[in-house]
Amino acid sequence: EMLNQAVKKAESLPNLQLQEADMLLQPWGKGFDIAILGGNLMVNIVTDRDYKRAQKNLLERAWEALKMGGKLFLDFDCPDVLSKWAPANREWVCFEGEDDRGTYGRYIVKDGTVDDRQRIITGERRWEMKTAQGENFVHTEKSYKHFPGLEQVCAMLYRVGFAVESIHGGYRGEPFDRDHRRAVIWARKCRI
């Protein structure tokens, strides 16, 4: 349904194409100037595969889609110590709001166990929605997420064929330091 809404909203943008596909399995196309892996995509991959391998595969897909010299924008939560940032058994509302059709929804995260050494958080995710017509929907699922450290991501980027050009701690170019939990990375495709 989100893709249907995006298609309607993008009708006035002739150079935008939308498609529904498994981003780890389907080809992305080739020769792009930029690939954007934003909005915590690195830690929100839905897969039955090994999570760390899926993250590396996501970077490989971006590399394959770019022309030589093309840029990668990558932004994700990157806390230094997971257990300080996401204490065990914490529950919080990640997103909440109403869309233009009157559907109210919220996304609730409950962190269960936190493994600082492996950088894994397990827990539960719950989506609650109420349509303008009064129908209620609740969906709950188990969650397993790998939050790679900055050094690990930079090493993956290098192995895939990217040169990291800049690292920031936020969207306004703040310097990255251990107090920030956000990593904003610009990298360039530099080798075959």
Side-chain angles (χ1 to χ4, degrees), residues 1-2 20-26 35-63 72-99 103-130 136-160 162 164 167-171 174-187:
E1 185 57 30
M2 289 183 352
E20 182 178 4
D22 183 321
M23 67 183 183
L24 296 175
L25 299 176
Q26 265 50 55
I36 300 172
L37 303 179
N40 248 355
L41 192 56
M42 282 287 285
V43 296
N44 285 310
I45 299 170
V46 177
T47 184
D48 292 331
R49 299 169 59 196
D50 174 74
Y51 213 104
K52 293 175 189 177
R53 177 66 191 124
Q55 289 170 326
K56 184 173 182 274
N57 185 241
L58 183 65
L59 298 177
E60 290 166 341
R61 291 287 179 162
W63 185 92
L72 171 68
F73 174 86
L74 178 62
D75 111 85
F76 59 100
D77 285 327
C78 187
D80 191 33
V81 180
L82 287 179
S83 57
K84 286 183 187 175
W85 174 68
N89 299 314
R90 171 186 70 156
E91 183 171 308
W92 55 285
V93 176
C94 187
F95 298 109
E96 181 174 26
E98 187 173 307
D99 70 12
T103 299
Y104 166 80
R106 65 186 198 154
Y107 174 53
I108 300 152
V109 174
K110 182 173 183 185
D111 296 319
T113 62
V114 180
D115 181 336
D116 282 317
R117 192 176 68 71
Q118 294 291 322
R119 298 192 59 85
I120 301 289
I121 298 177
T122 60
E124 182 179 279
R125 306 297 186 249
R126 184 173 70 244
W127 293 264
E128 300 173 349
M129 293 192 304
K130 182 174 184 175
N136 288 305
F137 300 94
V138 176
H139 175 77
T140 303
E141 64 184 41
K142 297 287 182 199
S143 173
Y144 172 91
K145 295 182 183 253
H146 175 248
F147 286 78
L150 182 63
E151 295 80 13
Q152 184 179 15
V153 171
C154 289
M156 277 193 283
L157 287 166
Y158 176 78
R159 283 192 301 272
V160 168
F162 285 104
V164 173
I167 300 171
H168 303 282
Y171 301 118
E174 303 96 313
F176 182 86
D177 60 38
R178 296 299 175 211
D179 294 328
H180 288 88
R181 66 176 186 93
R182 199 85 188 158
V184 178
I185 299 173
W186 281 99

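We count residues from 1, following the sequence as given. Being a predicted model, the structure only gives us computed values, none of them experimental.
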- Query: Given side chains that start at C-beta, do those of I167 and C154 come closer than 4.5 Å, heavy atoms only?
  - Reply: yes
- Query: Hey, mind stepping through L59 and L74 against side-chain contact (heavy atoms from CB on, under 4.5 Å) and telling me if it holds?
  - Reply: CA-CA 9 Å; L59 298 177; L74 178 62; 4.2 Å; yes
- State whether the side chain of D75 and the backbone N or O of G39 hold a donor-acceptor pair below 3.5 Å, judged by distance alone. yes
- Message: Quick one: does any side-chain atom of D22 pair with a main-chain N or O of Q26 as donor and acceptor, under 3.5 Å?
- Response: no
- Interatomic spacing from NE2 in H168 to CZ in R182 - rounded to 0.5 Å: 14.0 Å
- Message: Counting the benzene-type ring for Trp, do F147 and W85 have ring centres under 6.0 Å apart?
- Response: yes
- Query: Is the NZ atom of K52 crowded by more than 12 outside heavy atoms at less than 6.0 Å?
  - Reply: yes
- Pairwise distance CH2(W127) to SG(C94) - rounded to 0.5 angstrom: 10.0 Å
- Query: What are the two closest heavy atoms between F162 and A62, and how far apart are they?
  - Reply: CZ-C, 4.3 Å
- Provide the closest heavy-atom pair for A86 versus R90 in the form atom of the first, atom of the second, distance. CB-NH2, 3.6 Å
- Query: Between the side chain of D116 and the main-chain N/O of S83, is any donor-acceptor distance below 3.5 Å?
  - Reply: yes
- Under-4.0 Å salt bridge between R106 and E98: no
- Task: Give, for atom CG of L157 and atom CD of Q152, the distance between the pair rounded to the nearest 0.5 Å.
- Result: 11.0 Å
- Query: CG/L25 to CZ/R49 distance, rounded to the nearest 0.5 angstrom?
  - Reply: 6.5 Å
- Query: Below 4.0 angstrom, N of the basic side chain to O of the carboxylate: do E128 and R126 qualify?
  - Reply: yes
- Item | Y158, OH atom: more than 12 neighbouring heavy atoms under 6.0 Å | no
- Y144: ring-ring contact (aromatic ring centres under 6.0 Å, His included) partners, not counting sequence neighbours: none
- Message: Side chains of W186 and V164, heavy atoms from C-beta outward: is any pair under 4.5 Å?
- Response: no
- Query: How long is the span from the CZ atom in R181 to the CG atom in D80, to the nearest 0.5 Å?
  - Reply: 14.0 Å
- Note on the structure: Which of T47, V46, L41 passes side chain to side chain contact (heavy atoms under 4.5 Å, CB included) with M23? It is L41
- Which pair of non-hydrogen atoms, one from H146 and one from P148, has the smallest distance, and what is that distance? O-CD, 3.2 Å
- For Y104, which residues count as a ring-ring contact (aromatic ring centres under 6.0 Å, His included) partner, sequence neighbours excluded? none
- Note on the structure: In terms of heavy-atom contacts, C78 and F176 come closest through O-CZ, 4.2 Å
- Item | Closest non-hydrogen atom pair between N57 and L24, with its separation | OD1-O, 3.1 Å
- Query: Any donor-acceptor pair under 3.5 Å linking the side chain of Y171 with the backbone of V184?
  - Reply: no
- Look only at the side chain of R125 and the backbone of V109, and say whether a donor-acceptor pair between them is shorter than 3.5 Å. no
- Query: Do T122 and V114 come within less than 4.5 Å of each other through their side chains, counting heavy atoms only?
  - Reply: no
- Closest contact, heavy atoms only, Y51 versus V43: OH-O, 2.8 Å
- Message: Assess whether a salt bridge exists between K56 and D50, defined as any Lys/Arg side-chain N lying under 4.0 Å from an Asp/Glu carboxylate O.
- Response: no
- Any L82 side-chain heavy atom under 4.5 Å of R119 side chain: yes
- Rounding to 0.5 Å, atoms CG (N89) and OG1 (T113) come to a distance of 9.0 Å
- Message: Test: salt bridge (Lys or Arg N to Asp or Glu O under 4.0 Å). Region: residues 140-159. Which pairs qualify, not counting sequence neighbours?
- Response: E151-R178
- Query: Are the side chain of N44 and the backbone N or O of N40 linked by a donor-acceptor pair below 3.5 Å?
  - Reply: yes
- Check: I45 and Q55 side chains under 4.5 Å, non-hydrogen atoms: yes
